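The next block holds one structure in the form of structure tokens; read it before the comments.
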Amino acid sequence: MNTKEVIYAMALTRLNHFRSAAIYQLYQALGSATAIVEQRGHLREVLPEVSPRLEEGLQGLDAALRRAEEELAFCANHEIMPLTPDQPLYPDRLKQCDDAPLVLYYKGTANLNQRRVLCMVGTRRNTTYGQDIIQRFMSELRALCPQVLVVSGLAYGVDILAHRQALQQGYETVGVLAHGLDDLYPSRHRDTANKMVSQGGLLTEFMAGTNADKINFVRRNRIVAGMSDACIVVESAAHGGSLITAEIARGYAREVFAFPGRVGDAYSEGCNNLIRDNGAALLTGAADFVKAMGWEEDAQLVKAQHEGIERQLFPDLSDDERQVVATLTRQNDLQVNMLSVQSGLPVHRLTAVLFELEMKGVVRTLAGGMYHLMKI
């Protein structure tokens, strides 16, 4: 981590009276937060279209820099990773958005750049119908696409149901918060949030001490949408935050889907309107979704694994690969360190062997860094 770059990026986010898009445009033009701060005295020479107000605001960063140093210390003491766009873990999909945050605060274990990422949003007052949809969809999707990162906002209703079903199905899931990581809102979801830290994570653009104000939820929605490949709306009234997220997702050129509901049902009205107005594609299940997203290759690989096709590769395994398979046959679902001890292979060699076995469909990774031998 480039400490100076992180501190400068944090300080720039304290210029609250400027839109995120203006700061991010400047960041993209100059290439780093460090360049912005160090060249703030003559920005117009570098970027003639910079606004006078922004140019003036950048001159008084002393208090913001002190606050940034305090926040960096807080992060270090609470196992929080501050992520800037130059870091590998920062969501690549989000970097494509013109109002991406300069800093994200992350506590978790998930790769935010997983191959497949979807967000699921909806009303805070879900019905049994919505609950059943989420449960069925997650179960079906897990059978078709075993490695998907599920993103939502940890709110009441559809959000928390999506997180909990993702955890139950073995998916990693990330909650994007509208406040700092020194608190949790709503507090009733703390047990789920604690599980997510080790099977996904918690993510926010807000420093510690930031309250969950109404405007922050709208800002939060752009991160939920921007870091995902697709947005799925389960239940929504005619007006609501999930419709804002869907609109943002469309603006980012993300795919948007909605489950239809019965005509006249209050919490299906928003979804039905989205579908009617071509704001979302109609969704009836995971198979529809996988086909629409072009993720069939995931499903085909799962089918091949279940039918044992990959097992035909076993005669071509190297000696090291056979040793790993034999070890996992005796005791399945081992972490790298334990697998190294039991197989006799050093960790640096074992990681390369495990990568090859994953490519062949012989093993797959589980939450918590466990390696699982596929059943014959």
Side-chain angles (χ1 to χ4, degrees), residues 91 94 101 104-108 110 112 117-135 137-138 149-169 171-197 199-206 210-228 230-249 254 256-259 261 266-271 274 280:
L94 191 57
L104 291 170
Y105 301 95
Y106 179 51
K107 186 167 187 173
L112 302 179
V117 184
L118 69 85
C119 67
M120 181 171 281
V121 296
T123 179
R124 298 187 181 208
R125 298 180 178 86
N126 66 281
T127 67
T128 302
Y129 170 71
Q131 182 174 342
D132 291 345
I133 282 177
I134 295 169
Q135 183 175 3
F137 178 83
M138 288 291 182
L149 178 63
V150 178
V151 180
S152 198
L154 207 74
Y156 290 109
V158 168
D159 287 22
I160 194 64
L161 289 172
H163 290 305
R164 287 171 177 164
Q165 281 301 314
L167 291 171
Q168 186 170 329
Q169 293 299 329
Y171 279 143
E172 291 180 316
T173 181
V174 168
V176 184
L177 308 180
H179 54 78
L181 288 176
D182 58 325
D183 198 5
L184 187 78
Y185 177 83
S187 59
R188 288 177 59 183
H189 296 165
R190 190 172 299 279
D191 287 347
T192 300
N194 289 339
K195 293 177 184 176
M196 291 166 62
V197 169
Q199 192 179 327
L202 302 176
L203 188 69
T204 184
E205 68 175 311
F206 300 107
T210 305
N211 295 326
D213 296 330
K214 185 176 181 180
I215 187 62
N216 293 349
F217 288 94
V218 178
R219 291 175 58 85
R220 179 272 307 273
N221 291 348
R222 85 187 195 287
I223 298 175
V224 172
M227 66 182 290
S228 305
C231 175
I232 299 175
V233 186
V234 177
E235 285 189 299
S236 174
H239 304 282
S242 58
L243 300 184
I244 295 174
T245 306
E247 182 178 356
I248 295 171
R254 305 294 190 256
V256 179
F257 300 87
F259 281 94
Y267 293 109
S268 290
E269 188 175 357
C271 291
L274 275 176

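Model, not experiment: these values are computed from the prediction. Heavy atoms only: backbone and side chains are in, while hydrogens, waters and symmetry mates are out.
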(request) Compare all side-chain heavy atoms of Ile232 with those of Phe259 and state whether any distance is below 4.5 angstrom. (result) yes

(request) Would you indicate whether the side-chain heavy atoms of Thr204 and Leu104 approach each other to under 4.5 Å? (result) no

(message) Other residues, nucleotides and ligands only: do more than 12 of their heavy atoms fall within 6.0 Å of NZ on Lys107?
(response) yes

(message) If we ignore hydrogens and angles and just use 3.5 Å, is the side chain of Gln199 paired with the main-chain N or O of Tyr171 as donor and acceptor?
(response) yes

(message) Any non-hydrogen side-chain atom of His163 less than 4.5 Å from a side-chain atom of His189?
(response) no

(request) Evaluate the side-chain proximity of Val234 to Leu161: yes if any heavy-atom separation is below 4.5 Å, no if none is. (result) no

(request) Check for a donor-acceptor pair, side chain of Arg254 on one end and backbone N or O of Ser228 on the other, with a separation under 3.5 Å. (result) yes

(request) Using the side-chain contact (heavy atoms from CB on, under 4.5 Å) rule, pick out the option among Val150, Leu112, Val117 that qualifies with Val174. (result) Leu112

(request) Please tell me if the side chains of Met196 and Leu167 come closer than 4.5 Å, counting only heavy atoms from C-beta onward. (result) yes

(message) Contact between Tyr156 and Arg188 at the side-chain level, heavy atoms closer than 4.5 Å - yes or no?
(response) yes

(message) So which atom in Val218 and which in Ile248 form the shortest heavy-atom distance, rounded to 0.1 Å?
(response) O-CD1, 4.4 Å

(message) Does any part of the side chain of Arg222, heavy atoms only, come nearer than 4.5 Å to the side chain of Pro101, both counted from C-beta?
(response) yes

(message) Under a 3.5 Å distance rule, please check whether Ser242 uses its side chain to pair with a backbone N or O of Val233 as donor and acceptor.
(response) no

(request) Measure from NZ or CZ of Arg124 to the centre of the six-membered ring of Phe217 and say whether it is under 6.0 Å with the direction within 45° of the ring axis. (result) yes

